[in-house]
A.B. asks: 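Quick one: structure below, then a few questions.
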Amino acid sequence: MLENTIEATEIKNGAELLKTVEGLKNDGYRYATMICLKANDGHDFIYIFDKDYKLKNLRYFVKPGEKPKSVSGIYLCALLIENEYQDLFGLTFEGLAIDFKGHLYLTPNSPKAPLA
Amino acid sequence: MGMLNLVLTNISRKPATRLYPFEIRAPYAEFKGKIVFNPENCILCGICQKKCPPDAIKVTKDEKKWELNVFRCIMCTECVTSCPKDCIIISNERAKTGAKEYIKILVPKVDTPKAAPPK
Amino acid sequence: MLNTTIMLLIAAPILFSLLFVALPKSLYKILAWAFFIVGTVLSIMLVLDGTGKVEVAGSSFATFESIVLILEALIILFVFYVSAKHKNWPTLALIAISAALAVYSHFNVAEIESAFFNIDQFSQVMILIVNVIGTAIILFATGYMDHYEEHRHLNRQKTFYFTMSFFLAAMNGLVMVDTLGWLFLFWEITTLCSFVLISYNQDEEGINNGFRALALNLVGGITFAGAIILLGTKFDIATLSGIGTSVGTSTTAALIALPVALLCIAGFAKSAQMPFQSWLLGAMVAPTPVSALLHSSTMVNAGVFLIVKLVPAFAGTTLGTAIAIYGAFTFVMCSALALSQRNAKRVLAYSTIANLGLIIASAGIGTPLAVAAAIMLILFHAISKALLFLCTGEIEHTIGSRDIEDMSGLIKKAPLLAVLISLAMVSMLLPPFGVLLTKWVSMEAASSNPIVIIFLILGSALTTVYYAKWLGTVLSSTMDKNAVHHAKLETYFPLSFLGLCIVVTSIFVFTIYDYFIKPQVEVLLNIAPAVSGQAGQFTSEIGAFAYAAIFIVLALAILIYFVTKNMFTPRTANYYMCGENNLEKDGLMFRNGLCSYEKSSASNIYLQNTFGENKLTTLGYVISILLIIIALAGGIL
Amino acid sequence: MNMNDVLIAILVLIVAPIVGCLAAGIDRRITARLQGRVGPPLLQPYYDVRKLLSKDNMVVNKSQNFFVVVYLVFIVLSLLMLIFRQDILMIIFVYTVASIALVVGGMSTGSPYARIGSSREIMAILAYEPILILYALAIYLLTGTFKLSAVVDASTPLLAYTPLIFIAMIFVLNIKLKKSPFDYSTSHHAHQELVKGMLTEYSGPGFAIIEVAHFYEYVFLTGLLFVFWTVNPLIGFLLSTAAFLLVIVIDNITARIYWQWMLKLSWTFLLGISIVNIAFLYFSGVKL
Amino acid sequence: MTTVIPFGPQHPVLPEPVSLKLEIDNDVVVGALPSLGYVHRGLEKFIDTKDYNQTTYICERICGICSALHGITYTMAVEKLFDVEIPERAQYIRVIIGELNRVHSHLLWLGLFADGFGFESLFYECWKYRETVLDVLERITGNRVIHSISKVGGASKDLTKEHIDLILKMCDTVEPQVKDLEKVFVNNYSVKQRLVGLATMSKQLAYEAGTAGPTLRGSGNSIDLRESADWDIYKDLGFKPAVEKDGDCYARTKVRITELYDSFKLLRNAISKMPNGEITTPIKGFPTGEAIMRTEQPRGEVVYYVKGKGTKNLERLKIRTPTFANIPSLLLTLPGIKLADVPIVVLTIDPCISCTER
Amino acid sequence: MSLAKSPWIIHVNCNSCNGCDIEVVACLTPLYDAERFGVLNIGTPKQADIMVVTGSINYKNVNVLKNIYNQIPDPKVVLAVGACASTGGIFHDCYNVIGGVDQIIPVDAYVPGCCPRPEAILDGVVAALSILESKSQGKIKGKEVKLKGNEVPSNA
Ligand code: SF4
Ligand code: SF4
Ligand code: SF4
Ligand code: SF4
Ligand code: SF4
Ligand code: SF4
Ligand code: SF4
Ligand code: SF4
């Protein structure tokens with residue numbers, strides 16, 4: 001395991017994720033961003049929220065083939081980063097506010113899911 | 001009116017324009033203009049090639065060739081600081097504008113590397 | 001000779017209307033051609049016959065007079081019947097009043113011994129308009145109605161052609177007759193015809209709008225009847241020309257203003273001026289040839305015809321000034337209203353009302369120059385407007401819409417049609433064409449009255465705007481070339497013919513002026529306008545309009561264009577779409593954020609928030625009714 | 001038209017674009033100096049036109065250049081009519097033909113940017129047209145005729161009785177030269193949301209014609225201001241030059257505002273002062 | 001009667017390639033769909049082939065406008081991985097270059113913004129003053145735009161006495177010039193016509209839309225990463241965020257102008273407090289672990305996430321740039337404005353597409 | 001000499017990091033004032049003579065570049081500004097980068113640097129002027145670049 005990893009709350013499933021995010025929004029957290037990492041054939045998501053310069057991180061493991069839930073219904077601004085990961089990792093988010101269908105950055109002829 | 005003041009001041013003064021290319025300002029000494037390679041001491045170790053972020057330098061040991069694609073160089077001076085033999089310096093003269101064929105190819109005069117690359 | 005022509009002019013359309021009923025549909029085209037030729041020949045004959053008064057007296061008078069009586073009674077009964085049938089109470093009430101007035105006048109107004117037809121140059125002009133343009137419109141209709149009815153599952157063409165032709169007969173009578181009683185009959189016939197034509201579709205909207213037209217025109221009819229009674233009982237005047245002459249001589253000059261004002265209101269109603277404008281807008285539901293007919297050669301022209309004929313009665317009086325301001329106000333108001341419209345026919349409707357307002361304003365000013373402008377404007381407006389309407393109708397059949405926005409790219413789809421409608425629009429707003437020339441004349445004439453002139457200035461700027469955007473839209477080349485474009489002779493002949501008329505009348509404007517307008521103004525006002533024409537220039541005492549120079553320059557522009565066209569290496573390129581268009585597809589398509597292609601488009605500015613109908617109409621009602629009341633008050637005092 | 005007139009006409013045809021070109025050059029130089037830079041050579045507009053003429057005639061449809069030819073000839077015609085002191089109302093109508101031709105030319109290209117630009121230019125017409133005609137009306141009220149010759153023959157300058165209309169006319173000049181704050185339909189430096197607006201699709205010779213027509217238009221528009229002081233041509237010239245300079249300065253000290261704002265300004269303030277001026281002329285009955 | 005037009009990617013009013021599909025009804029925008037990807041290069045993958053030092057140069061070229069702060073933030077993130085403390089002088093150098101960068105960036109923005117509403121001479125005026133700053137930066141770093149001042153372990157160049165004099169002199173000349181500009185931006189009638197009340201975002205909305213930087217602070221949120229503990233040196237310099245309440249374009253402009261004054265103050269303070277000493281710490285080994293570093297760029301908060309796996313290349317680099325955070329707010333502010341205002345509203349978030357797409 | 005005195009440029013930002021862009025814009029501002037040579041930054045390619053390209057080409061902007069190039073009337077000159085536009089620069093290896101501008105359209109002159117100084121860009125414009133002049137004399141036409149949807153150039 002790595003040293004000095006960042007602190008993060010583990011999230012088990014999509015429903016819990018949405019609930020937690022909803023709760024964070026009610027607590028006055030700001031959506032900063034979300035990080036996607038390849039891990040064990042699946043993807044590790046780190047959601048980063050901010051309040052009074054303090055970060056609150058959620059870690060959520062997306063199993064291979066699972067369609068992660070979009071939080072853009074809660075924080076609209078999440079749509080951009082989620083669309084980005086659709087492009088770069090070939091993921092498909094469920095419930096995106098605006099779905100660019102993998103064409104946010106990439107066109108049909110550019111490399112497919114380059115970070116996957 | 002603030003803007004009226006500004007434009008009237010402008011018209012009453014000499015224009016701020018630097019009359020390049022009719023009057024050429026001497027470049028600042030610090031200016032990173034272009035890479036100058038001095039093949040004198042080069043040992044063809046290839047460190048500069050490794051360090052160069054845009055892969056602008058190509059060192060071919062067999063052909064004793066040190067090449068720089070001027071049009072790819074980003075003047076980061078990594079090569080300058082990393083060269084063990086200080087063969088590369090940065091000059092404050094600008095690289096020339098023109099056709100892309102302008103790729104610098106230099107063959108070092110030394111036949112054999114004088115020292116092994118530091119490990 | 002004159003005698004026969006007059007009778008023929010009334011009889012021939014009636015004959016044709018009966019023929020349309022009697023003969024099968026397949027012969028309509030031939031009939032319409034024949035009608036067009038007969039109408040044209042007859043009207044030219046009338047012009048050649050010269051001017052003069054024709055008296056109908058003796059036994060023939062008695063016969064005609066009884067026919068008139070019977071017809072009036074029939075009209076009243078018919079209106080009673082239809083309004084009762086459709087339970088339209090306002091109309092019922094109005095016709096009841098009309099009936100009462102008719103009965104009253106029958107018993108109180110002194111009997112007349114003879115009737116007069118008065119053929120002056122104005123009548124000639126009007127006859128030309130009615131019989132040349134009117135029959136051209138009917139000809140157009142034969143190429144139009146089948147398609148129209150097919151879409152709406154109608155089969156009422158017999159009624160249609162019958163009424164259209166009968167309409168022309170009534171108009172012919174109206175512009176030639178001098179006796180007020182007979183004039184009133186023709187007046188009411190046109191009302192009735194328009195009612196039948198507007199409710200042609202027999203759907204709810206059509207019937208409602210028909211009744212609105214009927215009701216508002218009945219109001220005009222009532223004021224007309226009131227005026228006849230007043231004139232007959234108080235002043236012993238029974239002819240139209242009598243009013244003018246009596247003003248000069250009679251010691252009761254001031255008092256006569258009231259019946260004159262009432263007649264003017266009848267004219268306002270018929271010309272759909274401001275508080276009455278809704279009937280003409282409602283008339284848009286009818287087939288386009290009907291609109292063309294109502295707007296250019298018949299109905300609305302009857303109103304302004306009457307008012308211009310009355311000029312001697314109010315020229316130079318307060319009533320005249322009031323009428324001028326009223327007309328100018330309608331002009332600016334309706335021009336503003338037209339600005340926010342996308343529906344081409346509504347734009348045209350407002351434009352018609354506005355131009356009639358301009359005519360009325362010019363008549364109201366009452367100087368020789370102004371009256372000349374008014375008559376010329378009636379002529380030029382009729383030609384241009386007929387063409388505009390017919391083109392709009394044809395466009396509707398070509399692209400399936402009368403929305404101005406949908407007309408973008410017409411120049412690619414139907415080039416000839418686009419050029420014709422552009423010509424018509426240009427003739428409405430730019431020199432060297434007739435309408436603008438007359439607008440120039442009326443502006444120069446109105447410059448002595450600051451309120452009128454300011455209204456005219458604002459109105460003409462607004463006119464420029466709504467026509468310019470339509471013109472640009474029609475000429476913009478944005479559509480692909482795949483329109484269903486059926487070029488029929490019956491449709492394109494009238495269009496091209498009218499187009500030609502625009503150009504020819506504009507070129508020979510001075511001849512027309514010299515032959516028709518100048519003598520007419522002399523008849524009306526006893527002085528001719530101080531206008532002279534030399535070297536293709538129209539010169540009044542206060543200005544000059546060098547229309548020939550403009551024609552030459554226009555021709556020069558066309559020449560330069562064709563000479564230089566191939567001087568430079570021509571190369572067609574795609575539209576600039578910020579770099580996101582794809583050459584393989586439509587040049588106006590661009591790639592959007594989802595990587596799919598989408599068509600770009602641009603619409604014009606309509607300013608609904610400033611010039612929207614709901615905002616301006618109320619204001620227009622208030623001010624126009626006020627102005628009418630002031631005019632009336634001026635008439636009484 | 002005698003021989004003399006023909007000569008004058010030819011002279012105008014030749015001299016006006018030169019003057020207009022110089023005016024455009026001066027405009028660009030002064031603008032540059034106001035912005036604290038050197039600016040292009042004085043003859044830059046001429047170089048531009050020459051360059052444009054040597055480029056390919058790239059068009060999106062075959063008829064677009066027709067309208068610019070119409071624009072050019074009608075500008076020239078209105079200028080000539082101005083020089084020959086014709087009916088001012090007529091001149092304004094002829095000038096309207098030119099403006100409409102340019103608008104329609106823009107629209108005829110079919111590009112959405114051009115069409116939006118043209119729509120805005122139509123709004124500009126709505127804004128300035130009434131003022132131009134009121135200007136003509138003022139001339140009529142002061143001389144009893146619309147013929148410009150009456151103004152020229154008069155011994156009092158027009159400006160003496162029409163100061164408010166003069167102010168309104170400066171705004172008209174500003175609108176017509178498409179300078180800030182009214183440069184929303186198209187502008188010379190194209191940094192706007194509509195690319196080049198109305199003229200987006202014009203290139204090469206077609207665009208050169210527009211530029212040349214602009215030269216004539218410069219002369220024509222300043223000519224309209226010159227009329228305010230014909231008693232002493234020098235003062236008239238200085239007056240129109242001063243107005244021109246003022247417009248350049250305004251261009252440099254204002255942002256582009258909306259066409260809606262322009263319409264409001266014109267139909268309230270500008271029309272207001274013009275009408276006040278007209279009312280004064282009408283009620284006082286002064287004559288030149 | 002909707003008008004549908006593409007707005008960009010190659011568009012004279014947009015300095016960068018972004019495309020908006022605009023749907024306009026009656027001169028009012030009713031829909032806007034952004035189209036991105038014109039500047040997407042794929043830098044987050046590119047670090048696979050470059051070592052962590054070379055990545056500094058890549059990060060600086062995420063964007064040429066606040067390139068210095070990209071380099072600084074990246075190096076600070078990597079230093080977190082190494083868990084090293086760099087010399088204080090180097091930290092001060094970073095602050096000074098960062099603030100100089102902010103001054104040039106804000107002046108640049110003011111100019112482009114003025115150009116957005118058709119005020120050409122004001123645009124030129126701003127850029128004229130900006131050149132003074134660029135000259136100073138060139139004297140210090142050898143390049144006008146991309147400075148390469150920060151490297152993992154410290155600063156790559158020291159500030160000499162001469163440099164410091166130059167900076168102070170620059171502050172003294174540019175500050176009054178900014179005052180002149182402020183007069184125009186804040187008082188000019190035509191500018192106010194265009195800006196006041198345009199694209200207003202409430203405090204709550206701006207916060208929840210995840211905006212950053214002046215966009216956030218223009219709506220009354222006092223959030224500026226220079227206050228946070230991540231980069232504590234700002235604490236010593238007495239920094240306070242610039243905040244405006246109104247939330248419209250006018251407020252966002254005023255925030256940036258105030259920040260210019262703040263930067264001058266910070267520069268002077270930093271220079272007076274800057275200690276002498278080393279400017280680099282030696283770094284050994286290869287980075288391992290995860291770290292998040294956030295700083296305040298001219299356009300707002302930038303978030304760097306780095307993950308090393310003990311090789312010379314990083315395993316993952318993720319950058320959340322300020323424009324990336326601000327773009328979603330455009331979806332909220334664009335509908336309802338006039339077509340003529342689109343460039344202004346887009347420019348008011350100070351968009352930098354090249355960092356959004358990387 | 002008819003072309004060389006009035007070069008109107010169109011600036012196309014392809015994949016640039018903004019560094020080159022702001023230097024291109026800086027050329028137009030008072031300190032460098034490119035308008036001294038008649039340079040105008042014209043908005044539409046239809047009126048441009050010199051195409052100033054900054055940044056490398058990626059799969060999304062390749063068609064934009066071609067479109068703009070095709071829409072410039074002849075004679076025209078393409079100027080690649082900066083390392084990215086010339087060769088792909090530091091990003092030449094990125095997955096979404098096709099390469100320098102010359103992979104797609106013919107380039108007439110290159111300006112080195114990352115980013116180039118405004119002076120260098122002015123040099124480039126001056127170099128472009130003489131090329132423009134010779135093109136106009138020799139009536140050399142730019143060839144129409146084919147545009148096929150989202151096609152990938154073969155030489156990428
Ligand atoms: S065709 Fe290719 S680019 Fe398009 S959706 Fe399918 S996988 Fe994605
Ligand atoms: S300066 Fe940088 S980019 Fe240029 S050759 Fe040296 S290492 Fe390579
Ligand atoms: S690092 Fe220096 S010695 Fe080694 S190859 Fe490069 S230039 Fe030659
Ligand atoms: S020290 Fe090793 S890694 Fe470095 S350049 Fe030499 S051989 Fe390559
Ligand atoms: S490839 Fe085109 S059509 Fe298919 S999903 Fe993507 S955008 Fe839609
Ligand atoms: S926000 Fe803009 S200026 Fe700052 S680094 Fe990102 S791209 Fe560059
Ligand atoms: S050459 Fe350098 S400055 Fe220019 S765009 Fe490329 S990375 Fe940016
Ligand atoms: S839908 Fe996609 S793949 Fe199909 S043509 Fe359009 S861009 Fe190409």
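Here is how names work: the chains are called A, B, and so on, in the same order as the sequence lines, proteins then strands, and each is numbered from 1.
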A.B. asks: Quick one: are D/D48 and F/W8 in side-chain contact, heavy atoms under 4.5 Å?
C.D. replies: yes

A.B. asks: Quick one: CG on F/D49 to OG on D/S54, what's the gap to the nearest 0.5 Å?
C.D. replies: 8.0 Å

A.B. asks: Please report the shortest heavy-atom distance between F/D33 and D/V38, naming the atom on each side.
C.D. replies: OD2-N, 3.1 Å

A.B. asks: If you take all heavy atoms of F/P30 and D/G36, which pair is closest and at what distance?
C.D. replies: CB-O, 3.7 Å

A.B. asks: When you measure from the side chain of D/Q35 to the backbone N and O of F/T29, does any donor-acceptor pair fall under 3.5 Å?
C.D. replies: no

A.B. asks: Considering only heavy atoms from C-beta outward, does the side chain of F/S6 approach that of D/R50 to under 4.5 Å?
C.D. replies: no

A.B. asks: Select one option (side chain, backbone, both, neither) describing which atoms of D/R28 are under 4.5 Å from chain F's heavy atoms.
C.D. replies: side chain

A.B. asks: May I ask you to check whether over 12 heavy atoms, not counting those of D/Y46, lie within 6.0 Å of atom OH?
C.D. replies: no

A.B. asks: Counting only heavy atoms closer than 4.5 Å, note whether F/A48 contacts chain D via side chain, backbone, both or neither.
C.D. replies: backbone

A.B. asks: Answer yes or no: is there a side-chain heavy-atom contact under 4.5 Å between D/K55 and F/Q47?
C.D. replies: no

A.B. asks: Out of curiosity, D/Y202 OH to F/T44 OG1, how far, rounded to the nearest 0.5 Å?
C.D. replies: 12.5 Å

A.B. asks: Carefully, step by step, assess D/T200 and F/K46 under the rule side chain to side chain contact (heavy atoms under 4.5 Å, CB included).
C.D. replies: CA-CA 7 Å; D/T200 302; F/K46 307 280 169 104; 5.7 Å; no

A.B. asks: With a 4.5 Å cut-off on side-chain heavy atoms, are D/R37 and F/R36 touching?
C.D. replies: no

